[in-house]
2 protein chains.
Amino acid sequence: MKRDSRLSGVLHVLLHMAEQGAPMTSEQLAKAMQTHPVVIRRTLGGLRDAGFVHSEKGHGGGWTIAKPLADITMRDVYDAIGRPGLMAMGNRTEAPGCLVERAVNAALDTSFQEAEALLLARFAEVTLAELAADFHARMAARSPSPTTQEHIHG
Amino acid sequence: MKRDSRLSGVLHVLLHMAEQGAPMTSEQLAKAMQTHPVVIRRTLGGLRDAGFVHSEKGHGGGWTIAKPLADITMRDVYDAIGRPGLMAMGNRTEAPGCLVERAVNAALDTSFQEAEALLLARFAEVTLAELAADFHARMAARSPSPTTQEHIHG
DNA sequence: CATCACGCACTATTTAAAGTTACATGAAAC
DNA sequence: GTTTCATGTAACTTTAAATAGTGCGTGATG
């Protein structure tokens, strides 16, 4: 199957915005993500509506983080991009008349729902502040005294 | 993404085979599953190699269960069809140079791996015998004194 | 030896994500 | 005020993976 990478992508973009401080344009973010500016606008649109980021038009405009990183969890981001499906497998038929299939679906659904619940709970435990801290730890480990910018996409 | 329904489908087919007793041809199974005989052969191929089902050519041939249903778990079936990916989301890039992306991927991977482990553990707990029992319970609930065949795909 | 049924390689269709184009809107600079 | 920059959004195209389908080979039964 083709795996959805929007969550991964949005988290990536948000952390870059946070590192930058100043507003970043869709084009800048798209370059960092090796994707298209419109894709950035699309995915960040949900986060703007949810109040996690702010967008400004015109000269000097672009995207900025609207909340402290410690106040945004991966779960928040997941919700803001529209809660895409988490499980790669599904039932063959939604409302099957066949009782065999109903028994199979019931067993699978139970397991999938448990796994989804666990996943969402884990997402809710991780804030962007923690991800940023992890990033800085990795940067410190890579070289002794770097500046931040030198080590982004280098 | 497009969700994989092979596991659901194979479990369905296996239970029908078990109910039948006699060998069932790919065509019969395909009709019950509303799919193509070749799809049946493909998906059951892995289970044949793993020793869970047996296939016979020629007149009177077809597919039969090769082990007691109590000895086959959903996990066994999952393994036999090639362990398709369970999670619908993935990382944007596999081996990113960007440290921000590495931090994001690490956090996501941890969560996904936990969810997968839980899912596989649940699969391992459910045998086909239990699914068959659930099916019979559903059939009993639907009408007082049915025969098995009347209530498959009716 | 004719028929039945699986085995396999190959091609076609389908679906959702991702990419792209086009154009409208609004803000800042000059 | 008009030019430039940047977002907002709709529509369309491309792409990746599952699923569907075709054709032919092989072996077993009658």
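By convention in this document, chain letters (A, B, ...) are assigned in the order of the sequence lines, proteins followed by strands, and residues within each chain are numbered from 1. In what follows, every heavy atom counts, from backbone to side chain, and hydrogens, waters and symmetry copies are set aside. The model shown is predicted, which means the values in this text are computed figures rather than measured ones.
Listed pair B/Ser55 / C/dC6 fails the phosphate criterion, with no side-chain N or O lying under 4.0 Å from OP1 or OP2. Between B/Thr35 and D/dA20 there is a side-chain polar atom (N or O) within less than 4.0 angstrom of OP1 or OP2. Contact annotation: A/Arg41 side-chain N/O to D/dT7 OP1/OP2 distance is under 4.0 Å. Checking the phosphate oxygens (OP1, OP2) of D/dT19, a side-chain nitrogen or oxygen of B/Ser5 falls inside 4.0 Å.
Contact annotation for A/Arg6: backbone-only contact, meaning every heavy-atom pair under 4.0 Å involves sugar-phosphate atoms and none involves a base. B/Gly62 comes within 4.0 angstrom of the backbone, heavy atoms only, and of no base.
Atom CG in A/Asn91 sits about 16 Å away from atom C1' in D/dT19, given to the nearest Å. B/Glu27 has its CD atom 14 Å from the C1' atom of C/dT3, to the nearest Å. Between the CD1 atom of B/Ile81 and the C1' atom of D/dT19 there is a distance of 13 Å, given to the nearest Å. Taking atom NE2 on B/His54 and atom C1' on D/dA28, their separation rounds to 11 Å, with Å as the unit. One atom, CG of A/Leu29, and another, P of D/dA6, lie 12 Å apart when rounded to the nearest Å. Taking atom CE of A/Met87 as the reference point, atom P of C/dA16 lies 18 Å away to the nearest angstrom. If you take CE of B/Met89 and P of C/dA18, they are 8 Å apart, rounded to a whole angstrom. A straight line from CG of A/Leu44 to P of D/dA6 spans 16 Å, rounded to a whole angstrom.
Taking only side-chain atoms of A/Ser26, from C-beta outward, the nucleotide of D/dT7, C/dG7, D/dT29 with the closest atom is D/dT7. Nearest nucleotide to the side chain of B/Asp4, out of D/dA6, D/dA18, C/dG7: D/dA18. The side chain of B/Trp63 has C/dG7 as its nearest neighbour among C/dA5, D/dT4, C/dG7. Checking D/dG30, D/dT26, C/dG26 against the side-chain heavy atoms of A/Lys57 singles out C/dG26 as nearest.
Contact annotation: side chain of B/Arg48 to base of C/dG7, donor-acceptor pair absent below 3.5 Å. Between the side chain of A/His36 and the base of C/dT20, no donor-acceptor pair under 3.5 Å is found.
Between B/Gly60 and A/Gly60, the residue whose closest nucleotide on DNA chain C is further toward the 5' end is B/Gly60. Heavy-atom distances to DNA chain D give each of A/Val38 and A/Gly58 a nearest nucleotide, and the one nearer the 5′ end belongs to A/Gly58.
When only modelled atom types and interatomic distance are considered, A/His16 and B/Glu101 share no side-chain donor-acceptor pair under 3.5 Å. Inspection of the B/Glu114 and B/Ser111 side chains reveals no N or O donor paired with an N or O acceptor under 3.5 Å. For the residue pair B/Arg92 and A/Ser8, no side-chain donor N or O sits within less than 3.5 Å of a side-chain acceptor on the partner.
Taking all atoms of both residues into account, the shortest heavy-atom contact from B/Met89 to A/Leu86 is SD-CD2, 3.5 Å.
A tilted orientation is assigned to the rings of A/Tyr78 and A/Phe123, their planes being inclined by 30° to 60°.
Heavy-atom contacts from other residues, nucleotides or ligands closer than 6.0 Å to CD of A/Glu125 number more than 12.
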